[in-house]
Amino acid sequence: MVKRIDCKNLYYRHLNKIIQDEAESGETEFILDNLNGQRYLGTGINKNVNITVNGTPGNDCAVFMNGPSLTINGNAQDMIANTMNMGKITVHGNVGDVVGYGMRGGKLFIKGNVGYRAGIHMKEYKSQIPVIISGGTARDFLGEYMAGGIFILLGIDNDSEIITGDYLGTGMHGGVIYIRGDVENDTLGKEVKKLDIDEEDRKILRQYLTEYCQDFGFDVDKIMSKPFIKLLPLSSRPYENLYVY
Amino acid sequence: MKSSCYIPSGCSISAMMSESGKRIDGRAITKSIALMHDRSNGLGGGFAAYGIYPRYAEQYAFHMMFNSFEAKGIFEDYLKDHFYIVHDEEIPTRPGAVYEEDTSGINIEYGMNPITESPVLWRYFVDVPGNRTQFVSESEYVFEKVMEINSKIEGAFVASSGKNMGIFKGLGYPEDIAAFYNLDEYKAYIWTAHGRFPTNTPGWWGGAHPFGLLDWSIVHNGEISSYGINKRYLEPFGYRMELKTDTEVVAYLFDLLVRRHNMPIKTAISALSAPFWKNIDKMPERERKIITAIRQVYGSALLNGPYSIVLGHSRGIVGFNDRIKLRPMTCARKDDMLYMSSEESAIREIEPKPDTVWSPRAGTPVIGELYEEVE
């Protein structure tokens, strides 16, 4: 069975309660129509349910999300995947600022662009590694304070242009950022270094990009045919000398 | 219930403009700002509307707030001494009115929040006597009087003072403020709106957004951390900060830079939301020299802190962010309409299928301009 909900003028708290209750009693497929601006979608459900969103979800979409798969047919706003733990989000559009804030697991696949501060303070623990892939461009402060996880930026429609903003990886101390193409050296944050990718990186990229390309109908070989670079932190504790105890 | 629960707020702004000058009633902008109900907390809401007074388009329209009828009397004596009053009337309101559409589903959840108490609200359409503008321009004369009223007449505040425009604001949620002021009965080619979540300054009628002076109106999400510097910079030019809210300085800075110093709006924004020195160093020589000069001369006009702002004036709207984009702003276009809002959903609520939707770069203004005359 598929539970279809008309979200027109439905307050976010009601909507999320309906989904949580239905998921609790065994429903696994949800289609949300006419969704517009409702916040905190997909939170509070510790199960592998599928939620398809037709519309524009509000801020903090998938905050603390722990299991569900979210397919968004449209753009998403700010703070998507905030502190997300498990599950997958597929966005067939662009997303706003501060995406994947403190994200600590799961996948966030975005067809289009990310805004400012994408991947800020992502983290990882052993095998729990969050992955964000954006097919478009990023604005300033990509991977700010990043502590773990993988961020892949593709710039699919911008083959000849720089696809990143300024202050790349400022304060980064863990994880890795892969960028298709190149970046300007004077946009690098003080805490990162730019490196060529090696065979191990290519394996990781191909693994995640194969799934990504299946989701959005891109050609993985074509995307992999362009060179990538990676950004790694210079130190795992960039600010250890900043404070005096 | 409301006071004991988490309020996920953070101010909201929304703006819409018909660049071909078509006038639209206030229902759409109300619906847009109502969708973001949760971003404000009931301590301020307001709207600016341009093109609403075609009958008195040549007069300065003073929207006034009075703490008492005594203040109103003192103000009117002052006004008669300095202007010709062409027409005056009480601003029509509906105390107890509430926004009845359930745009965000909030009414079912929390019930209604009617506006029941207000200051005395009155509007005056005035001409400047010809003999008063021998040595100062008309706009300069009006500016001086607005500053004098706000600082010298106890309990009287000017909400707006431009021609063929008005600001409707108060204490409450923005959609309820719209119902209180009957905004569905006004038609404007530019609407801007604000839902307030006051942080550092009191929530009161005069402190709600938009802030207006002459033609200008400002709605603002964020905080002007440089308020003290900006205030001290503006005071010697005759500006008086009397409304207890940081946003006030933004309206006055535009007035100073654009109206009095004849700066193009874009240039003014390069002073207010100036590029970083490291980026100035990379500019072509001519541009680098200009921006360097602006930063040197107008250093104290720099707005620091997080903000997204929409400036309204009779010829257009301008949306811009702080330089590192610490507050949200999304824009959209559909035919002759330009929209700007804190959230994309607030635009889609009134325009589900825009031609383009984009988030402007930090420090880069989005400009809407009238290309035809107002209908």
Side-chain angles (χ1 to χ4, degrees), chain A residues 6-18 33-41 53-61 63 72 74-80 82 93-99 112-118 120 136-141 144 165-167 170 184 186-187, chain B residues 1 5-6 8-10 12 14 31-39 100-110 275-276 278-279 281-282 306 308 321-330 332 341-354 356-364:
Chain A
D6 181 3
C7 305
K8 181 91 187 147
N9 297 344
L10 199 55
Y11 193 53
Y12 76 83
R13 215 168 276 172
H14 284 286
L15 174 62
N16 290 335
K17 180 96 171 50
I18 293 169
D33 293 318
N34 299 316
L35 187 104
N36 196 36
Q38 283 90 344
R39 293 164 174 237
Y40 314 128
L41 209 64
V53 177
N54 297 316
T56 309
N59 289 3
D60 271 316
C61 179
V63 57
I72 297 164
N75 297 334
Q77 297 184 165
D78 299 337
M79 304 286 289
I80 189 170
N82 180 358
N94 302 320
V95 299
D97 296 335
V98 202
V99 304
N113 306 324
V114 294
Y116 287 76
R117 299 179 179 77
I120 179 173
T137 60
R139 295 278 168 82
D140 299 356
F141 302 103
E144 192 177 28
D166 210 345
Y167 306 103
T170 297
E184 285 169 5
D186 63 356
T187 62
Chain B
M1 152 125 198
C5 68
Y6 169 64
S9 42
S12 55
S14 194
K31 207 170 169 186
S32 173
I33 201 81
L35 185 85
M36 298 186 285
H37 176 99
D38 280 329
R39 295 183 73 97
E100 282 169 7
E101 266 189 78
D102 211 2
T103 291
S104 56
I106 199 83
N107 287 350
I108 297 168
E109 182 78 5
Y110 292 125
F276 290 109
K278 86 165 205 182
N279 296 331
D281 288 342
K282 285 189 271 183
S308 56
N321 278 103
D322 69 86
R323 302 172 292 174
I324 52 173
K325 185 83 192 289
L326 288 162
R327 287 293 180 274
M329 165 110 58
T330 301
S341 178
S342 304
E343 294 186 20
E344 184 176 325
S345 51
I347 297 174
R348 290 193 186 269
E349 188 69 11
I350 53 174
E351 180 45 74
K353 290 195 165 49
T356 52
V357 181
W358 78 102
S359 291
R361 268 177 200 280
T364 307

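Numbered from 1 within each chain, the chains take letters A, B, ... in sequence-line order. Please read these numbers as outputs of a predicted model, since none were measured by experiment.
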Novice: Under the salt bridge (Lys or Arg N to Asp or Glu O under 4.0 Å) criterion, do A:Glu184 and B:Lys282 qualify, and how do the steps go?
Specialist: CA-CA 13 Å; A:Glu184 285 169 5; B:Lys282 285 189 271 183; 5.4 Å; no

Novice: B:Arg348, B:Glu349, B:Glu343: which one forms the most heavy-atom pairs within less than 4.5 Å of chain A?
Specialist: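 Max contact count across the listed options: B:Glu343.
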
Novice: Using a cut-off of under 4.5 Å for heavy-atom pairs, which of B:Arg361, B:Met36, B:Glu101 has the most such pairs with chain A?
Specialist: B:Arg361

Novice: Show your reasoning for whether salt bridge (Lys or Arg N to Asp or Glu O under 4.0 Å) applies to A:Asp97 and B:Lys325.
Specialist: CA-CA 9 Å; A:Asp97 296 335; B:Lys325 185 83 192 289; 2.9 Å; yes

Novice: Give the member of B:Val357, B:Leu35, B:Leu326, B:Ile324 that has the highest number of heavy-atom pairs under 4.5 Å with chain A.
Specialist: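 The residue among B:Val357, B:Leu35, B:Leu326, B:Ile324 with the greatest pair count is B:Ile324.
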
Novice: Atom NE2 in B:His37, atom OH in A:Tyr11: separation rounded to 0.5 Å?
Specialist: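 If we round to the nearest 0.5 Å, B:His37:NE2 and A:Tyr11:OH are 6.5 Å apart.
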
Novice: Who among A:Asn59, A:Asp140, A:Asn94 has the most heavy-atom pairs with chain B under 4.5 Å?
Specialist: A:Asn59

Novice: Does A:Arg139 reach the main-chain N or O of B:Ser359 with its side chain, forming a donor-acceptor pair under 3.5 Å?
Specialist: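 Such a contact is found between A:Arg139 side chain and B:Ser359 backbone.
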
Novice: Report the distance from atom CD of B:Glu344 to atom CG of A:Asn75, rounding to the nearest 0.5 Å.
Specialist: 4.0 Å

Novice: Name the region of A:Asp186, side chain, backbone, both or neither, that has any atom closer than 4.5 Å to a heavy atom of chain B.
Specialist: both

Novice: Evaluate B:Asp38 against A:Tyr12 for side-chain contact (heavy atoms from CB on, under 4.5 Å), listing each step before the verdict.
Specialist: CA-CA 10 Å; B:Asp38 280 329; A:Tyr12 76 83; 3.2 Å; yes

Novice: A:Asp78 versus chain B, heavy atoms under 4.5 Å apart: side chain, backbone, both or neither?
Specialist: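 Contact with chain B: side chain only.
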
